[in-house]
Structure formats: structure tokens, C-alpha cells
Amino acid sequence: MKELRQIHAQMIALGLIRYTYITSRILAFCAISKNGDLEYARRIFDRIQMPTIFNWNAMIKGYSRSAQPQFGLSIFARMRAELVLPNMHTFPFAIKACDGLSSVAQIHGQVVKFGFDLDVYVVSSLINMYSKHDVGVARQVFDKSPNKNVVSWTSLISGYCVQGQVVEARKVFDEMPERNDVSWSAMISGYVQNECHTEAIELFRELKERALLRPNRSVLVSILNACAGLGASEEGRWVHSYIDENGFEYGLELGTALVDFYVKCGCVESSRQVFDKMPIKDVMAWSAMIVGLAINGHSDSALALFAEMERSKTKPNAITFVGVLSACNHGGLVYKGWDYFKVMSNVYGISPSIEHYGCMVDLLGRAGRVADAEQLINGMPMRPDGVIWGALLNGCLIHGHVELGERVGRRLIELEPHHSGRYVLLANMYASMGRWEGVVSVRKMMRERRVTAVPGCSFIEITGVVHRFLVDDKSHSKSADVFKMLNDLHNEVISSNYETMMVQAILS
DNA sequence: CTAGGGTTAG
């Protein structure tokens, strides 16, 4: 871009600017290229007296992929006001610049008016844009269109997926006459976006077995997502070796997806190895690693990595601070947590979200500072949700603040009357204080409201077999060994003066 | 003379 500006300046100096063809090429590069400069393109564009359709299209395209696609529409409107005729290249980007259902419909009118409603490119753009707002309309356009190709089919799939209609999407996927890597990718990532992780992995296995297509990067990213959601470490590790064997680079998306996958499976070392190998790291990559260290209990490493991130001049965002604050939370670092909470808004201008408040309430509550936590909640700019009150109640439970706990617990139950865990927490608090009449009243309320406690369960995958454990579950073939191990661990914790350690952690 | 659509991380 720097070189281009120099060339452009020389052209102006030499009077070559009247060679409109070259100016057009420069304009197009600035507007469209990934390392271009849309503002600069706009300045060139504004000085052209009679822009050609090529110039107009370049500007519309540039804006349509920018942060303000609406400007693309206003360029299109200006173009029409100057009575310039659009061509087939104009519409895909004018459509992409639409921000709502009504603007799509208006552009659709223009498409019909100029007779481009048979063009596959234009039609699939329309289907894609309609499906973001109303997949029914997208379907109508699709059904009416005589020229369908793999792209229009794929647009319809992602449309259904965006609307949460995965079953419909799958029907379309099964019906389509031919599929390419993007269609597979759209269907698999659609499953993942709708939390249908198992279906995503099944479809991925089908793709592998058919061996028609090599999974592309976006498929791999989506599958890693699914593996992360399921804790399917075997499948994810397979993907990792596939990535290495096939020479895929640890780019931002794929690298971050790998980091996140390992983090969610609790393999902090593997995730750190991938992270360290990533040649370029952006906010998301740093955040994934920091959050990962934090949720796996490596508070010090998480905070050290945050310091490193600051040194690398990568600007942290709201998610980064979720990681930083939860690191403080897991490490019991109350004062540091407060400091970071202030740094977040004062230094980085990030206003705390409900998640950040959740971390702080949790942190204060666990440290026994329930009054401070309550004060923080009262000062929140947004309405506290169940997570916030739950964190406070948990603090009350740990530190025996029965009056506040009771108040919060009752409030929480009214806020989420069908959430069994809230009743259980309150009942546990009564039980811990020996207030059995309280326990009985909570149990009674649950019975009357027909709220049943969902037993907590956890999964672990060992050599491809998933083992499931419920509370007090003795059905597993090795359950005697499991309970013996638990008992040994419990005794070890008791004898190693665990409480003193906790108090030190909280006071540090 | 130049150019167009669908998938992709925290």
C-alpha cells in the first residue's frame, strides 16, 4: 500500500492521472485488496469526474466487506441517481451490503428490473442475504430460480443453519445434486453452531470414509470446535495429526481452534505447544490461551501470558479479561482481580460486561467479602442474572452468611423457578448451618413446583470409549477402584493441611 | 483492456 501511494503520487506529479485505466486499477486495488485502504480508495473515487461502472463496482465491493457495508448501498444509490446502469458484477456486492430484509427486497426489485434474476451469481447472493433474515423467502427465491448450482444450494444450507433449522439444512444437503468442500464445511459448521456436535462428527467421519474430498481448513476448524464441545480428545488429536501430516499451517483460525480444543479437553501442555508454534497471534489466539490456562487452574501462567501479550502490543479485548479475571478467581487473588477489573476500563476502555461482573462477584464471594459483592451487584449497569446471584449465594454458602444467603437464594429461585440447581444450593446452605426446617421447606417447594434435580454427570474418554459417571453411581465395572481412589485422595487432602493453603491463597 | 456468489477461531 505504501508503494502504491508513491506510485500514485508520481502519477499525479507527471500528469499521468488522465490514464483512467491505470487509475481504475489503483482504485480497485485500494478498495478490494486485503491490504488495501478503503479510505484512500474513497479519496481517489471522489476525484474521478465520471466514474465508470468498474469504479462504482469496486467501491461497492470494498464497502460491502468493510465494517460499514451500508455505505456500499449508499454508493449504489448514488450510482443509480447518476443514471449509471448496473451490470452483472454490481449486484452480488450491492446485495452483500444490505443490512435488513427491506433493503434486500429493494435491491431484489432492481435485480428484476435490469434482468439479472437468471444470473446464478446474483441469485445465490440473494438467497444468501435473504436467508440471514428470513429463510422462507430465501427458499422461495431458490425454488423459483431455474439456474441452481452448488453455491445456491450451499447458501440455502447455511441459511437454515443460521435460523437453527439443522434438520431442514440436512435435508437440503442430502438432496443436492453435487457437493464440494464448502458444502460439507457449511453443513458441518452449521451442526457445530447449533451445538449438534455428535452429528457434526458423524458427518465428518462420512467425509473421511468417502474420501472424495480432502477436508479443508474450515471443516477442520469446525470439527475441532465439535471435539472441544464434546471433549472428544481422540477425534481431535486425529485432526491435529492430520493437520501436521498434510502441511496445514497453524494460521489464526486453525491454530486458535486447536488451542481451544486442547484447553477444553484439559490438555494444557498440548495447547501451549500449539500456541507457541503459531507464527502470528492475534487477540483471539492470546485470549484462547489465557482463558485456557485460567480455567485449568494455571492462574500464574495465565497472568504471566497476559503480561507477555501486553508487551507484544496486542490490545486485549473483553474476552481476554474474562480470562484474566477468572485466573484471579481460580487463584483466589482478590486484590489483583480488583486491579485488573479497573485496568480493563481505565487503561483499555473496555466497559465490564455481565461476565466480568460474574467473575468479580465470584471472586469476592469466595473470599468471604459478600457485602462488597452485593454492593458491586447493586452498582451494575445491567440487570443481574442467575449466574451473578448464584455466585453470591455460593459465597454465602462457603462462608456461612445465612441471612444474606437466604435472601439471595429466595430471589434466585423466583428468578429461575425451574432451575433445580438453585434450590439445591439453598438447601445445602441450610443444611450446612443445621437449619433442617429450611432444607425441608426448599424440598417441599421443589416438590410442589415439580422441579426435579438433574443429577450431575461427567464423561471421560479413554482410548475412544466414553465412560459416564453420575453422582453416587456404582454401575461402572471399575467403580470399586474409583471409589477407593477418591477416598485415598480425600484423606490425602485432609492430611496435607488444605485449609491453610486455601486461606493463604485467598489472602495473597 | 480490468471484476462477481457459499464455509472458517476467543
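Since the model is a prediction, treat every value here as computed from it, not as a measurement.
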Original post:
Within the side chain of A:N87, is there an N or O that forms a donor-acceptor pair under 3.5 Å with the backbone of A:T90?
Top reply: yes

**OP:** Could you tell me whether the phosphate oxygens of B:dG4, OP1 or OP2, come under 4.0 Å of any side-chain nitrogen or oxygen in A:K96?
**Re:** no

**OP:** Please check the phosphate of B:dT7 (OP1 and OP2 only) for any side-chain N or O of A:Q193 closer than 4.0 Å.
**Re:** no

Original post:
Do A:K148 and A:F142 meet the cation-pi criteria used here (NZ or CZ under 6.0 Å from the six-membered ring centre, within 45° of the axis)?
Top reply: yes

Original post:
Do any side-chain nitrogens or oxygens of A:K61 fall under 4.0 Å of OP1 or OP2 in B:dG4?
Top reply: yes

Original post:
So which nucleotide from B:dG6, B:dG10, B:dT7 ends up closest to the side chain of A:S218?
Top reply: B:dT7

Subject >> Given B:dT2, B:dT7, B:dA9, the nucleotide with the shortest approach to the side chain of A:S189 >> reply: B:dT7

Original post:
Looking for any heavy atom pair under 4.0 Å, which part of the strands does A:N128 touch: base, sugar-phosphate only, or nothing?
Top reply: sugar-phosphate

Original post:
Has A:H89 got its ring stacked on B:dA3, by the test of a centre gap below 5.5 Å and a plane angle below 30°?
Top reply: yes

**OP:** Quickly work out the A:L224 CG to B:dT7 P distance and round it to whole Å.
**Re:** 19 Å

Original post:
To the nearest angstrom, how far is A:M129 atom CE from B:dG4 atom P?
Top reply: 17 Å

Original post:
Which whole-number value in Å describes the distance from A:R170 CZ to B:dT7 P?
Top reply: 19 Å

**OP:** Scan A:N225 against the nucleic acid and name what it touches under 4.0 Å (heavy atoms): base, sugar-phosphate only, or nothing.
**Re:** sugar-phosphate

Original post:
Is there a donor N/O on one and an acceptor N/O on the other, under 3.5 Å, for the side chain of A:N87 and the base of B:dA3?
Top reply: yes

Original post:
Between A:D260 (CG) and B:dG10 (P), how many Å, whole number?
Top reply: 5 Å

**OP:** Classify the side chain of A:S124 versus the base of B:dG5 as yes if they form a donor-acceptor pair under 3.5 Å and no if they do not.
**Re:** yes

**OP:** Give a yes/no verdict on a cation-pi contact between A:R217 and A:F248, requiring under 6.0 Å between NZ or CZ and the six-membered ring centre and an angle within 45° of the axis.
**Re:** no

Original post:
Between B:dT7, B:dT2, B:dG4, which nucleotide gets closest to the side-chain atoms of A:V122?
Top reply: B:dG4

Original post:
Is a side-chain donor or acceptor of A:T314 paired with a backbone partner of A:E310 at a separation under 3.5 angstrom?
Top reply: no

Original post:
Base, sugar-phosphate, or nothing: which does A:F93 touch, judged by heavy atoms less than 4.0 Å apart?
Top reply: sugar-phosphate

**OP:** Identify whether any heavy atom of A:S183 sits under 4.0 Å from a base atom; if not, whether one sits that close to sugar-phosphate; answer base, sugar-phosphate or nothing.
**Re:** base

**OP:** Select base, sugar-phosphate, or nothing to describe what A:V150 touches, counting heavy atoms under 4.0 Å on all strands.
**Re:** base

Subject >> Side-chain ion pair, A:K171 and A:E168, N-O less than 4.0 Å >> reply: yes

Subject >> Which nucleotide in B:dT8, B:dG5, B:dG10 has an atom nearest any side-chain atom of A:N317 >> reply: B:dG10

Original post:
Taking the six-membered ring for Trp, is the centroid-to-centroid distance between A:F275 and A:W286 below 6.0 Å?
Top reply: yes

Original post:
Atom CD1 of A:I295 and atom P of B:dG10: how far apart are they, to the nearest Å?
Top reply: 11 Å

Original post:
A:V291 near the nucleic acid: base, sugar-phosphate alone, or nothing, with a heavy-atom cut-off under 4.0 Å?
Top reply: nothing

Original post:
What is the distance, rounded to the nearest whole Å, between atom NZ of A:K281 and atom C1' of B:dG10?
Top reply: 16 Å

Subject >> Touch class at under 4.0 angstrom, heavy-atom based, for A:V322 against every strand present >> reply: nothing

Original post:
With respect to the side chain of A:V120, which nucleotide from B:dG5, B:dA9, B:dT8 is positioned closest?
Top reply: B:dG5

Subject >> Base B:dG4 to side chain A:D119, donor-acceptor N/O within 3.5 Å cut-off >> reply: yes

Original post:
Once you round it to whole Å, what is the distance between C1' of B:dG6 and OH of A:Y160?
Top reply: 16 Å

**OP:** Let me know the distance between CZ of A:R65 and P of B:dG6, rounded to the nearest Å.
**Re:** 9 Å

Subject >> A:V221 side chain, from C-beta outward: closest of B:dT7, B:dA9, B:dG5 >> reply: B:dA9

**OP:** Using only side-chain N and O atoms of A:S155, determine if any of them is under 4.0 Å from OP1 or OP2 of B:dG5.
**Re:** no

Original post:
Would A:F54 pass as stacked on B:dT2, i.e. its ring centre under 5.5 Å from the base's six-membered ring centre and planes under 30° apart?
Top reply: yes

Original post:
Can a donor-acceptor pair be found between the side chains of A:S241 and A:D244 at a distance below 3.5 Å?
Top reply: no

**OP:** Go through the N and O atoms of the side chain of A:N180 and the base of B:dG6, and report whether any donor-acceptor pair is under 3.5 Å.
**Re:** yes

**OP:** Tell me whether the OP1 or OP2 atom of B:dA3 has a side-chain N or O from A:N55 closer than 4.0 Å.
**Re:** no

